[in-house]
Peer 1: 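Sending over a structure as structure tokens; questions will come in a sec.
By convention here, the first residue in the shown sequence is residue 1.
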Amino acid sequence: MRLTQKLTRRWLAMMLAAGLATPALAGDERFSQAFEAARAQQWDQIDHDAIRGHILEGYVEYHELKSRLPGVSPSVVNDYLERYQNSVLSKWMRGVAQDAWGPRQQFNDFLAISDGVPEGTTRQCWYYRALMPDQPQRAALGGRELWLVGHSQPAACDPLFDQLRANGTITGADIWARMMLSWRAGEDGMLRYLPDELPENWQPQRAAFERLQGDPGSVTTLPDTLSNDTPGIASLYTTAMVRLIRQDTARALSAWRAIKSRIPLTDEQQHDIEHDLAFYSLVRDVDANAQWADAATAQLGDQDLFELRTRKALEHRQWREVAAWIERMAQDDRRDAHWQYWLGRAREQLGDADGAHRAWQIAAGQRSFFGFAAADRLHQPYALQNEPVTIARHDLDDAAALPSMRRIAALYRIDEPGLARAEWYYLMGHLPKAQRPTLTQYALTQQWYDLAIYAAIRSDRWDALDWRFPQGYTDLFQKWGQQRNVDPWLLMALARRESSFNPQAQSPVGARGLMQLMPGTGQHVSQQLGVPWQGVTSLEDPDTNVMLGSAYIRDMAARYSGNRVAAAAAYNAGPGRVDRWLAASDEPFDLFIEEIPFRETREYVQAVLTYRAILEGLAKGSTQGVHMMTEHERTTRYNGALQR
């Protein structure tokens, strides 16, 4: 199905108006010089006349204004915020002004530039302190919400909490509630001082808590110690059970049976305890709890427990139980391709070929790993369910003229992709949802692939596959795929999963570029190839990254007899782990993947194989003849023999 999206002309006119008065652009080179000087606070090196009218002039002004804080009036900051309200600069400027005025208790200035509750706990604590004189009720509500967490808050919150305790907003019940939240979260450091803040009339509860803190199993003695109408008693029971379930799950069931009928819990609280108890009983394979856990799972009706119980049945190849637990799921959950695929496998194992076919037919209509796996079993093409969106050429031209788009384009021109993305993310968070498709398509025309992917997902356009799976850097992947004798669609799928085709992507652990190579891996592969190592930043060059990444995945595939399933798992989790998983396995592909111990790797392998098929299918215009895996990868046994 093809959808046509038109940009609202009135909205465009409003957005364009902000840029119509802008003089001709100053040169990018001169702006870059001024921008670097502003970052370094070399104010005498900035030629304002040379950059006047440049679409990015506000970036230099941002650094200048920031350097003058806190000695700037709110009216100056508000003028800046007004002029750059459609840029991430406004968000940053408001934040740095709040950070300058909050610690100095310049609360009138703080409120003058605030537009509601700010982001970040520290700023929120300043905000509610600022509101306290004139809006005490609102300040009390917000401050109490910040108090009721199971972890430490920034020191900036201490004066706010002191005020709220002094005026009675934070009561003994609130202190107790935070104690229970902290105990539940394992934040024992907070439990060294919170009990001392309890009022005298909470001392019996404190004494009971301290006994349970040393031994949660003594919760069975609590009904004989405190009456059911004692304040805070319900949270003490529920939190003690949470701690006991994690500490000793078998003992927790015995304790629960002993106290369940004697304690004052709501149906929801009882449900939560029994869910927790069933979950840990199943995860930990507590034999003593097995019969109870099955009965509780069936009674509670929670989807996550049904899924866990199904996986346990799969683990033990109990096919009748696999089918039974899947059939207990709610209809919408049961019809998901994942569970219909395994329902089909269970029925096949039980000799019900027609039932297996029906389940796989439902699964095969869905775009997912298990949907595609079911389609392979039925020997039919994959269902992509693509819904391309057509944008009129004049709308794309109008989009290009928007100040926000001009800023992003200019930031890319001066090699500031991080700032370009920040502008895009801000825009997607503030843009009317109906307008996002036009700008998404425009991003694609500019080869801003990761921006298009982000916008499609942010807009819930799950079936707009041309946006979610653009043909990014196809020539590179084809080139290096051919040179390395590696499936180019696999390379492309890896990059789509790893970086969303963002060549500057950097993970928290330091992996970089399209294929998210660790610097050590990049250097090692360079040495193997006899290519000079150009340093960490070279991994942000698309050609270098794919050259090295393609060699690495080729080596992983060679390690496992050319098997791309095992190679993809090794790319994510490391070959050492995959070696151990294969050594402990002797299963077909579906069971091997389903039982990968790391959820991240399990989902990663499924995603990469699925993306591979989607990308090839989109490029060819059909999934006829397209497969996630080769016939050999689908039929081989996954065991230690794969490793060469």
Side-chain angles (χ1 to χ4, degrees), residues 1 303-304 306-308 310-311 314 322-323 325-327 329-348 356-388 453 456-457 459-470 489-490 492-498 500 564-565 568-569 572 588-596 598-620 622-630 633-634:
M1 179 170 64
Q303 177 63 16
D304 64 328
F306 284 142
E307 292 180 6
L308 178 57
T310 302
R311 285 196 172 96
L314 275 171
V322 169
W325 285 110
I326 292 173
E327 286 165 350
M329 296 177 184
Q331 183 174 352
D332 287 347
D333 296 318
R334 183 173 69 244
R335 291 182 66 83
D336 182 85
H338 189 174
W339 305 116
Q340 285 299 307
Y341 176 85
W342 285 116
L343 181 59
R345 285 280 274 121
R347 287 172 173 171
E348 178 188 52
H357 187 278
R358 288 194 300 273
W360 287 332
Q361 198 66 57
I362 294 172
Q366 301 174 48
R367 184 183 61 242
S368 69
F369 172 79
F370 286 102
F372 292 174
D376 283 335
R377 287 187 169 272
L378 298 174
H379 307 290
Q380 64 186 44
Y382 301 155
L384 288 189
Q385 300 171 318
N386 186 25
E387 293 185 357
I453 292 168
I457 294 172
S459 304
D460 297 328
R461 294 282 184 148
W462 302 108
D463 294 328
L465 300 188
D466 298 322
W467 292 344
R468 289 184 57 217
F469 297 94
W489 301 112
L490 177 66
M492 203 168 177
L494 288 167
R496 169 60 179 81
R497 176 67 176 188
E498 291 282 357
S500 292
R564 296 170 303 169
V565 177
N572 177 259
F589 82 90
D590 51 5
L591 284 166
F592 173 74
I593 293 173
E594 183 74 38
E595 294 176 350
I596 289 175
F598 294 174
R599 178 178 179 177
E600 177 192 334
T601 304
R602 186 166 66 242
E603 293 179 350
Y604 179 90
V605 170
Q606 293 175 19
V608 166
L609 295 173
T610 305
Y611 292 178
R612 187 227 164 277
I614 291 172
L615 288 161
E616 184 183 5
L618 290 173
K620 294 181 176 179
S622 168
T623 59
Q624 189 71 44
V626 172
H627 297 286
M628 294 190 298
M629 295 170 282
T630 65
E633 288 166 341
R634 290 198 300 271

Peer 1: Using a cut-off of 6.0 Å, state whether more than 12 heavy atoms not belonging to Asp460 lie near its atom CG.
Peer 2: yes
Peer 1: Ignoring hydrogens, what is the shortest heavy-atom contact between Arg345 and Pro588? Give both atom names and the distance.
Peer 2: NH2-CG, 3.8 Å
Peer 1: Can you name the nearest heavy-atom pair linking Ile596 to Arg602, along with the distance?
Peer 2: O-NH1, 2.8 Å
Peer 1: Of all the heavy-atom pairs spanning Ile326 and Trp339, show the shortest one and how long it is.
Peer 2: CD1-O, 3.5 Å
Peer 1: What is the ring orientation for His627 with Tyr382, classed by angle as parallel under 30°, tilted 30 to 60°, or perpendicular over 60°?
Peer 2: perpendicular
Peer 1: When rounded to the nearest 0.5 angstrom, what distance separates NE2 in His357 from CG in Leu378?
Peer 2: 5.0 Å
Peer 1: Between Met628 and Asp376, what is the shortest heavy-atom contact and its length?
Peer 2: CE-OD2, 4.5 Å
Peer 1: For Ala456 and Arg468, work out which heavy atoms get closest and say how close.
Peer 2: CB-CG, 3.8 Å
Peer 1: Run the numbers on Met329 and Thr310 for side-chain contact (heavy atoms from CB on, under 4.5 Å), then give the verdict.
Peer 2: CA-CA 10 Å; Met329 296 177 184; Thr310 302; 3.6 Å; yes
Peer 1: Quick check on side-chain contact (heavy atoms from CB on, under 4.5 Å): which of Leu384, Leu609, Val626 does Phe372 satisfy it with?
Peer 2: Leu384
Peer 1: For the side chain of Gln340 and the backbone of Ile362, is there at least one donor-acceptor N/O pair under 3.5 Å apart?
Peer 2: no
Peer 1: Start with the C-alpha distance between Tyr604 and Leu494, add both sets of side-chain angles, then the distance that settles side-chain contact (heavy atoms from CB on, under 4.5 Å), and finish with yes or no.
Peer 2: CA-CA 9 Å; Tyr604 179 90; Leu494 288 167; 3.2 Å; yes
Peer 1: Given the rule in the side-chain contact (heavy atoms from CB on, under 4.5 Å) test, do Glu633 and Phe589 qualify, once you have shown the distances and angles that lead to the verdict?
Peer 2: CA-CA 7 Å; Glu633 288 166 341; Phe589 82 90; over 6 Å; no
Peer 1: Which is it for Phe369 and Val605 under the side-chain contact (heavy atoms from CB on, under 4.5 Å) test, yes or no, and what are the steps along the way?
Peer 2: CA-CA 9 Å; Phe369 172 79; Val605 170; 5.9 Å; no
Peer 1: Side chains of Gln606 and His338: is there a donor and an acceptor less than 3.5 Å apart?
Peer 2: no
Peer 1: Could you grab the distance from atom CZ of Arg497 to atom OG1 of Thr610, nearest 0.5 Å is fine?
Peer 2: 9.5 Å
Peer 1: Trp342 and Glu594: side chain to side chain donor-acceptor pair (under 3.5 Å), yes or no, with the steps?
Peer 2: CA-CA 10 Å; Trp342 285 116; Glu594 183 74 38; 2.9 Å; yes
Peer 1: Could you go through Tyr611 and Glu616, starting from their C-alpha distance and side-chain angles, then the distance that decides it, and tell me whether this counts as side chain to side chain donor-acceptor pair (under 3.5 Å)?
Peer 2: CA-CA 8 Å; Tyr611 292 178; Glu616 184 183 5; over 6 Å; no
Peer 1: Does the distance from a Lys or Arg side-chain N to an Asp or Glu carboxylate O, for Arg367 and Asp463, drop under 4.0 Å?
Peer 2: yes
Peer 1: Quick check: does any side chain N or O of Ser622 sit under 3.5 Å from a backbone N or O of Gln624, one acting as donor and the other as acceptor?
Peer 2: yes
Peer 1: Could you grab the distance from atom CG of Asp590 to atom CD of Glu595, nearest 0.5 Å is fine?
Peer 2: 9.5 Å
Peer 1: Quick check on side-chain contact (heavy atoms from CB on, under 4.5 Å): which of Asn386, Ile453, Ile614 does Phe469 satisfy it with?
Peer 2: Ile614
Peer 1: Restricting to non-hydrogen atoms, name the atom on Val322 and the atom on Ala346 that form the minimum distance, rounded to 0.1 Å.
Peer 2: CG1-CB, 3.9 Å
Peer 1: Determine the interplanar angle of the Phe306 and Trp325 rings, folded into 0 to 90°, and report it as parallel if under 30°, tilted if 30 to 60°, perpendicular if over 60°.
Peer 2: tilted
Peer 1: Do Arg377 and Glu348 meet the salt-bridge criterion of a basic N to acidic O distance under 4.0 Å?
Peer 2: yes
Peer 1: Is the shortest side-chain N to carboxylate O distance from Glu327 to Arg334 below 4.0 Å?
Peer 2: no
Peer 1: Report, as yes or no, whether the 6.0 Å neighbourhood of atom CZ on Arg335 holds more than 12 heavy atoms from other residues, nucleotides or ligands.
Peer 2: no
Peer 1: Just by modelled atom types, is the Ala374 backbone N or O under 3.5 Å from a matching donor or acceptor in the Gln380 side chain?
Peer 2: no
